[in-house]
Student: 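Got a structure here, written out as structure tokens. Questions coming.
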Amino acid sequence: MKSFMIIELKRLIREKYLFSFLIVFIVSLLITSYFSVIQTNQKILNRELITEKVRKEWEELDNMNPHTAAHFGTYAFKPITVLSAFDEGINAYTGNVLRLEGHIQHDIVHSELSHFPLISYFGKTTPSFLLQYILSIFIIFIAFVTINGDKESGRLKLYVVQGAELSKILISNVLTVWFISILLTLTTFSTQIFINIKYLTQDDLLRSFVLLLSYSVYYLILILLTIYSSVVLKSAVKGLTLVLSLWFLWVIFLPRISSNISDSIYNLPTRNELIKTMKAEREKGVDGHNPFDKKRDELKDSLLRKYNVNTIEELPINFDGVVMQADEEFGNMVWDKHYGNVNNTLISQRKANQYFNIVNPFSSLRNLSIGAAGTDLLHHLHFLKNAEEYRRVFIKRLNDELAYGGSKTGEWDWKSDNKFFKSVEDLKYEQPTFSSFLSYYLLDVFSLIIWVAILLFLASSLKNKRNLAI
Amino acid sequence: MTTQIFYFEAKHLVRNYYKVIALILFVLISLYSIHYGYNLYHTRLNEIKKIVTESENNRNKIIKWFDEGIKGPEDRPWIDITNPFWALWNSNVYALNEPSALMFFSVGQAENFPYYKKITVWATPYDADMVNEITNYERLALGSIDFSFVIIYLLPILLLMLLHNIGGYEKDNRFYNLIKIQNYNHKKLLFLRSLFYLLLINLTVLFIVFGVGLFIGVTFDNLTPLLSFLIYTVLYSVFWFILFFLIILISKSSSQQIIRMVVMWLLLCLIIPSTVSYYIGNKHPFDYMSDFIETDRKKLNDLYEIEPDSIKKLLVSIYPQIQNFPAYNNPQNLSELTGFSFRAVANELLKESYDKIIDVQLKRNYLAQNSYLFNPTAFFSNRFYSFSKTDFLSQINFQKEIANKIDKMILILVEDLWNEQKVNKEKYSNYINQLK
């Protein structure tokens, strides 16, 4: 088998236009990987700068009422993972800026794409773009050239006549092309790792390994499919046409159609509908800014009883701060209910999509790619959840300062000092580890394994067939 | 001779099951894509209708208050709708980006943008509610299959499937030279055989557009965008036809033809557009709206600290006409007046920062337009989006419309406040008419 592989490799290198395409591709991969890392690092730096600026503005606050500070608020900026240089995933489509303030949970806004004209349906040139679209086509062509060359020249027939096992010859062809594809994929990862070595954590290395493995398995599927169909079908061109048609089906049609179907199975509410429902429900709770709100009375009575006083002016604490926090907690409850439903629907859509993906290894690869790069929906929702949790702690700290920091009810001129504002911690977001999210990707892994198993079975069954188109 | 060639090519097509399947698949996907656009169009239209009805109901409630002499809701006694500020606050005016009927065929960037915005004196075109519909971002990142996607990406693939063995089959079986000897012009033969498929594709597209259009009841107030859409579709198909025909002429086998055609598709549909996209992102990177954030938070907070007299001075520098109004020289309650018109000063500050954003957005669009010469798919796709008003420029125009409405509302507020105007039912209706 080893000698077959060496012969095939030498033959491929002799194919002038294939070899030159290989060189051009390696150079493109190196350039793209390098510039993607540089661009991503620049984005990470920009994010750090704006985060520092916003924090500095907060730490410079001096003598301000805590509730005014709750409206001054802060911002959370969507984190950029080191591996987003490899696969941008949904990052260009999601918002990047999340305003965190009292009473309201804002949406994350300012997606890159809302500030850029749409030039490419398939995103920017990133290593994942090259590996998913360009290299996969290239792999199909190499596999086709390998097997077609053997078929057309009559070599394949000669090997079989001389006693070589057909399945062994085909597997050596598969391994030769697979070796080239792994080499190209490794080129990308080694460039990324080499440039980013000091920023990579252990988790990033695990994620890179998952990426490398996923792409390798996907290429194995493409190679097995091309070689199998070229051998089984009488005309090699028909085999190539079949594989290319499948590729277009997997890459262009099925992902879009399946995600639209899962969208229609699990419906999301419109924004207007959601806001209206939430507003109506929120009105049932205490309104922190309305001193005439009758729903405050119950809260007031309980506090008067607790502190054993007759009027809110006699309270040793600031009743306004307590009301603000009650308003906040009721709002949180409403938000959890409605946005919880939205998030559950999104997760259901994703899961439905994964089931559709069993017939489409490209989508499984894509899911694993954006998942391992930390740029998928799950990572996005994880960040939003953490930012919201932080907002609650942040606002509670300010409301507690208003309520228990020394002011009395109605003292809206009362101000906290700079020391207090500095003591309010900033959001410290940590990306989840890949192993903690692994269960979400098992279906995709399963889909790729099933494809490889079926194709390997088909390829190994070839030895028993006498009537092959060779 | 042409009729004869077309007749034989039709027979050849019918015998090639995979070509027929490719054609049927193209028609089915086209129908699906139009259905997608149709759904999105109607969802948006319905949502806009709901918003318009809700805002009309709310306005009717305010008009009823005027009739009954009520100044505001019972549990919010500080609201007085006879004050221009509160009247405008309750004007329930929206900026609406109504979908064009051509959205059936081209969804473009529409799903990335908001299409309605409530106008208040506190609004900006970059508020947190200026966000797209609740959606699954993984679906959005894949892009939607609309008819323009079918034309831009799938039409060349269909053409490739139909043309890949024209001439190639004869070369593979080594009887092309025989044809060359027998036929006075073999290139013309190849051309006419290929032309058959070009005509077939264009007739299919015409049938889909008009047939489906009539079936689902598309009504166009103006036929020009639809005709332009069709003309550009024909031009686009001719463009690919020329490229593929040249490949047919220079290739030596059908596998070489397929490989060259696919490489051409990859180059024009994937590599060039994504490289241009990458370049624009590098040239004018996304900067987290740092200027706008600073203004909206820090600078406005600093403005709150300014004394009413200084706000008045700032206000006069923006609206010098208020110097002639009664409240300017003899204000009854200066802090209330400046408090109500505070946002006019803030709006000027915010405008400075979001004008810069629009400027950068236009620069990005300009760069994209400059690439059209070597990036034909982006040229055609953006033409399609512009016909259905779902392109980037249409969104910028919508943002500008929002900004204009905010400016108009603020101008009314400042003039009527400093002119000590009291709002009644007529004046309120007048506000609505001016801002609609």
Side-chain angles (χ1 to χ4, degrees), chain A residues 39 42 46-47 50 53 57 72 75 77 89-90 93-97 99 106-107 109-125 129 133-134 137 141 237 240-241 244 248 252-253 255-256 259-260 263 268-272 274 290 292-293 342 346 349-350 376-377 380, chain B residues 18 29 32 36 47 50-51 75-77 108-109 112-113 128 130-131 133-145 149 153-154 157 164-165 254-255 258-259 262 266 270-271 273-278 280-282 285-290 293 297-298 301 361 364-365 368 378 382 392:
Chain A
Q39 198 182 41
Q42 186 58 49
N46 286 349
R47 183 185 169 273
I50 182 92
K53 189 178 166 188
E57 283 171 7
F72 183 82
Y75 286 88
F77 301 96
I90 63 168
Y93 296 83
T94 61
N96 290 294
V97 181
R99 181 157 167 72
H106 290 292
D107 274 302
V109 285
H110 306 310
S111 67
E112 260 192 70
L113 214 76
S114 64
H115 291 261
F116 284 82
L118 182 66
I119 304 293
S120 165
Y121 248 87
F122 299 89
K124 293 176 201 155
T125 311
F129 169 86
Y133 298 104
I134 317 297
I137 284 268
F141 287 156
V237 174
L240 178 67
T241 316
L244 283 179
F248 284 122
I252 313 288
F253 309 136
R256 287 162 181 81
S259 63
N260 284 347
D263 240 28
L268 285 164
T270 64
R271 193 170 294 281
N272 184 39
L274 185 76
N290 185 356
F292 302 91
D293 184 13
V342 168
L346 289 171
Q349 286 183 351
R350 194 182 169 278
D376 67 347
L377 183 71
H380 179 67
Chain B
Y18 65 93
I29 290 165
Y32 177 81
Y36 184 82
E47 214 48 39
K50 272 188 210 166
I51 289 167
D75 61 343
R76 285 174 170 78
Q109 276 185 274
N112 296 307
F113 301 131
M130 282 296 283
V131 62
E133 266 298 355
I134 299 170
T135 188
N136 186 331
Y137 287 108
E138 285 184 2
R139 182 186 67 77
L140 210 59
L142 276 170
S144 45
I145 293 197
F149 174 87
Y153 296 97
L154 307 189
I157 295 174
H164 77 275
N165 60 354
S254 46
S255 55
I258 297 178
I259 292 176
V262 171
L266 285 175
L270 300 186
I271 299 172
S274 63
T275 310
V276 171
S277 201
Y278 176 82
I280 296 174
N282 239 9
F286 178 69
D287 73 338
Y288 289 94
M289 315 276 290
S290 58
I293 286 176
R297 187 168 172 254
K298 174 86 172 47
N301 189 61
Q361 286 178 338
R364 289 177 187 138
N365 199 56
N382 275 303
F392 189 55

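Protein chains get the first letters and strands the later ones, always in sequence-line order, with residue 1 at the start of each. All figures in this text were calculated on a predicted structure; none of them were measured in a lab.
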Student: Going through the checks in order, is the side chain to side chain contact (heavy atoms under 4.5 Å, CB included) test met by A:Asp376 and B:Tyr137?
Tutor: CA-CA 8 Å; A:Asp376 67 347; B:Tyr137 287 108; over 6 Å; no
Student: Do B:Arg364 side-chain atoms and A:His115 backbone N/O form a donor-acceptor pair below 3.5 Å?
Tutor: yes
Student: Going from CE on B:Met289 to NE2 on A:His110, what distance comes out if it is rounded to the nearest 0.5 angstrom?
Tutor: 3.5 Å
Student: Can you tell which of B:Leu266, B:Leu270, B:Ile259 makes a side chain to side chain contact (heavy atoms under 4.5 Å, CB included) with A:Ile137?
Tutor: B:Leu266
Student: Walk me through it: do B:Phe286 and A:Leu113 pass the test side chain to side chain contact (heavy atoms under 4.5 Å, CB included)?
Tutor: CA-CA 10 Å; B:Phe286 178 69; A:Leu113 214 76; over 6 Å; no
Student: Are A:Ile252 and B:Phe149 close enough that some pair of their side-chain heavy atoms sits under 4.5 Å apart?
Tutor: yes
Student: Under a 4.5 Å heavy-atom cut-off, does chain B meet the side chain of A:Thr241, its backbone, both or neither?
Tutor: side chain
Student: For B:Phe392 together with A:Phe116, are the ring centres under 6.0 Å from each other?
Tutor: no
Student: Looking only at heavy atoms, which two atoms of A:Phe129 and B:Ile271 are closest? And how far apart?
Tutor: CZ-N, 4.2 Å
Student: Give, for atom CG of B:Asn136 and atom CD of A:Gln349, the distance between the pair rounded to the nearest 0.5 Å.
Tutor: 4.5 Å
Student: Pick one of side chain, backbone, both or neither for A:Leu240, based on which atoms fall under 4.5 Å of a heavy atom in chain B.
Tutor: side chain
Student: At a heavy-atom separation under 4.5 Å, does B:Ile280 approach chain A through its side chain, its backbone, both, or neither?
Tutor: both
Student: Contact part of A:Phe248 toward chain B, heavy-atom cut-off under 4.5 Å: side chain, backbone, both or neither?
Tutor: side chain
Student: With a 4.5 angstrom heavy-atom cut-off, could you sort out which part of B:Phe113 is near chain A: side chain, backbone, both or neither?
Tutor: side chain
Student: About how many Å separate CD of A:Gln39 and CG of B:Asn282, when rounded to the nearest 0.5 Å?
Tutor: 4.0 Å
Student: Contact part of A:Tyr75 toward chain B, heavy-atom cut-off under 4.5 Å: side chain, backbone, both or neither?
Tutor: side chain
Student: Below 4.5 Å from any heavy atom of chain B, which atoms of A:Asn272 appear? Answer side chain, backbone, both or neither.
Tutor: both
Student: Using a 4.5 angstrom heavy-atom cutoff, name the option from B:Val276, B:Asn365, B:Val131 with the most pairs to chain A.
Tutor: B:Val131
Student: Looking at A:Ile119 and B:Ala368, what are the two nearest heavy atoms and their distance?
Tutor: CD1-CB, 3.2 Å
Student: Please classify the contact between A:Leu377 and chain B as side chain, backbone, both or neither, with a heavy-atom cut-off of under 4.5 Å.
Tutor: both
Student: Go through B:Arg297 and A:Phe72 one step at a time and tell me if the side chain to side chain contact (heavy atoms under 4.5 Å, CB included) criterion holds.
Tutor: CA-CA 6 Å; B:Arg297 187 168 172 254; A:Phe72 183 82; 3.3 Å; yes
Student: Report the C-alpha distance between A:Val97 and B:Ile293 in whole Å, list the side-chain angles of each, state the deciding distance to 0.1 Å, and finish with yes or no for side chain to side chain contact (heavy atoms under 4.5 Å, CB included).
Tutor: CA-CA 9 Å; A:Val97 181; B:Ile293 286 176; 3.6 Å; yes
Student: Is there side-chain contact between B:Ile134 and A:Thr270, with heavy atoms separated by less than 4.5 Å?
Tutor: no
Student: Name all residues meeting the side-chain hydrogen bond (donor to acceptor under 3.5 Å, both in side chains) criterion together with B:Tyr36; count only those two or more places apart in sequence or in a different chain, and write none if there are none.
Tutor: B:Glu111, B:Arg139
Student: Considering only heavy atoms, which portion of A:Tyr93 lies under 4.5 Å from any heavy atom of chain B: side chain, backbone, both, or neither?
Tutor: both
Student: Let me confirm one number: the CZ-CG distance from A:Arg47 to B:Asp287, rounded to the nearest 0.5 Å.
Tutor: 15.0 Å
Student: Measuring from atom OG1 of B:Thr135 to atom CG of A:Asp263, what distance do you get when rounded to the nearest 0.5 angstrom?
Tutor: 6.0 Å
Student: Would the distance check show the side chain of B:Gln109 and the main-chain N or O of A:Leu118 forming a donor-acceptor pair, the cut-off being under 3.5 Å?
Tutor: yes
Student: Heavy-atom pairs under 4.5 Å with chain A: which of B:Arg76, B:Lys50, B:Met130 has the most?
Tutor: B:Arg76
Student: State, to 0.1 Å, how close B:Ala128 and A:Asp107 come at their nearest heavy-atom pair, and which atoms those are.
Tutor: O-CB, 4.1 Å
Student: Where on B:Leu140 is there a heavy atom nearer than 4.5 Å to chain A: the side chain, the backbone, both, or neither?
Tutor: both
Student: Measure the spacing between CD of B:Glu133 and CG of A:Leu274 and express it to the nearest 0.5 Å.
Tutor: 10.0 Å
Student: Contact between A:Lys53 and B:Ser290 at the side-chain level, heavy atoms closer than 4.5 Å - yes or no?
Tutor: yes
